[in-house]
Amino acid sequence: MRHHRKNTVLAAAAVAALSLGLTACGGSDTGAKDAGSASSAPQAAADQNAATTGGSTTGGSTSEGSTTDGTTAGGTTAGGKGTTASTASTASTGSATGAKASAKAPACAHGDVRITVEKADEVPTEHVVLTATNVSGRACTLLEYPLLAFGPIQTAKDVPAVAKSKPAVPIVLKNGEPAYANVRVALGGVHEDNKVVKEFTVNLFAADGPAEGSVVVKAPAGGLAVNEAAAKTGYWTYELRNGADEF
């Protein structure tokens, strides 16, 4: 009986030991699983954070790009549109103003202006400058160029206008204001077929073509040596311009 009890005690001890071992193993496995879970959790959190950060960065980048590029592009576009609109508006206003001014200021008639002539500072004389001053007491528009006749109007040769001298805007003269036209009368050659004129006539343009009436202009002292074949005239302008009125 004592031997059997001893064996029983030993068997119980062995079972207890085995149970403890199994428990320990189970605990270890659970611990490992817990450790694994714990280890996975930070990793998952890190991945999630990274994903979130990546999303934010991408979103931020997109947002920043959108903001920066959008603002820049928007600013440029807006600026461009603003400038274009402003330019278009200015051009439109300028054209409208010119049109209104022309509409309000009728074409200058021959009795509305006083026309004088002056030789250019050159020897021999190749050019003269016509000055038309508004003496009408109101504004008027001086159209196109002077129609010149160096001799009897019926037989005088037409003097062609130089296209490059045409101004971009109508020449609207207030009362007392002048306009100018540069005129070539000769080539400066000694053997030119010139004729000396003591006076000549200037006609103006109306809205629908050459106007009625003319202005007789006295030539400077000594007269003008004119080569009708070489004669040319510039358009009326507010002031003589380099290039446009050089011919």
Q) OG1/Thr131 to CZ/Arg114 distance, rounded to the nearest 0.5 angstrom? A) 9.5 Å
(Q) Quick check on the hydrophobic clustering: are Leu204 and Val215 connected, directly or via other members, by side-chain heavy-atom contacts under 4.5 Å? (A) yes
Q. Residues in side chain to side chain contact (heavy atoms under 4.5 Å, CB included) with Ala244, at least two apart?
A. Arg241
Q.
How close do Pro160 and Ala231 get, counting heavy atoms only, and between which atoms?
A. CD-O, 3.5 Å
Q | Enclosure of Asp193 CG (heavy-atom neighbours >12, cutoff 6.0 Å) | A | no
Q) What are the two closest heavy atoms between Ala206 and Ala107, and how far apart are they? A) CA-CB, 4.3 Å
(Q) Considering only residues two or more places apart or on different chains, which pairs with a residue in residues 122-157 satisfy ring pair (Phe, Tyr, Trp, His ring centres under 6.0 Å)? (A) Tyr145-Phe205, Tyr145-Tyr235, Phe150-Phe200
Q) How would you list, by chain and number, every residue that makes a side-chain hydrogen bond (donor to acceptor under 3.5 Å, both in side chains) with Glu228, sequence neighbours excluded? A) Lys195
Q. Considering residues at least two apart in sequence or located in another chain, which fulfil the side-chain hydrogen bond (donor to acceptor under 3.5 Å, both in side chains) criterion with Lys218?
A. none
Q. Rounded to the nearest 0.5 Å, how far does CZ of Arg138 lie from CG of Asn175?
A. 9.5 Å
Q) Looking at Ala181 and Gly234, what are the two nearest heavy atoms and their distance? A) CB-O, 3.9 Å
Q.
Applying the side-chain contact (heavy atoms from CB on, under 4.5 Å) criterion to Val202, which one of Leu147, Val113, Leu148 satisfies it?
A. Leu148
Q. For Cys108 and Leu142, which heavy atoms make the closest approach, and how far apart are they?
A. SG-N, 3.7 Å
Q: Kindly compute the distance separating CD (Glu177) from CD1 (Ile171), expressed to the nearest 0.5 Å.
A: 10.5 Å
Q) Near Glu212 CD, under 6.0 Å, is it more than 12 heavy atoms from other residues, nucleotides or ligands? A) no
Q.
For the NZ atom on Lys119, are there more than 12 heavy atoms of other groups (residues, nucleotides or ligands in this structure) within a distance under 6.0 Å?
A. yes
Q) Which heavy atom of Leu143 sits nearest a heavy atom of Trp236, and at what distance? A) O-CD1, 3.6 Å
Q) Shared ILVMFWY cluster between Val128 and Tyr180, side chains joined below 4.5 angstrom? A) no
**Q.** From CG (Asn203) to CD1 (Ile115), nearest 0.5 Å
**A.** 9.0 Å
Q | ILVMFWY cluster, Val183 and Tyr238 together (side-chain gap under 4.5 Å) | A | yes
Q. Is there side-chain contact between Asn182 and Ser165, with at least one heavy-atom pair below 4.5 Å?
A. no
Q: Applying side-chain hydrogen bond (donor to acceptor under 3.5 Å, both in side chains), name anything that partners Thr125, two or more places apart in sequence or on another chain.
A: none
Q: Write down the atom of Asn134, the atom of Leu173, and the distance for their closest heavy-atom approach.
A: ND2-O, 2.9 Å
Q. How long is the gap from CG on Leu240 to CD on Glu246, to the nearest 0.5 Å?
A. 10.0 Å
Q: Could you grab the distance from atom CG of Leu130 to atom OG1 of Thr233, nearest 0.5 Å is fine?
A: 6.5 Å
Q | Set of side-chain hydrogen bond (donor to acceptor under 3.5 Å, both in side chains) partners for Asn227, sequence neighbours left out | A | Glu192
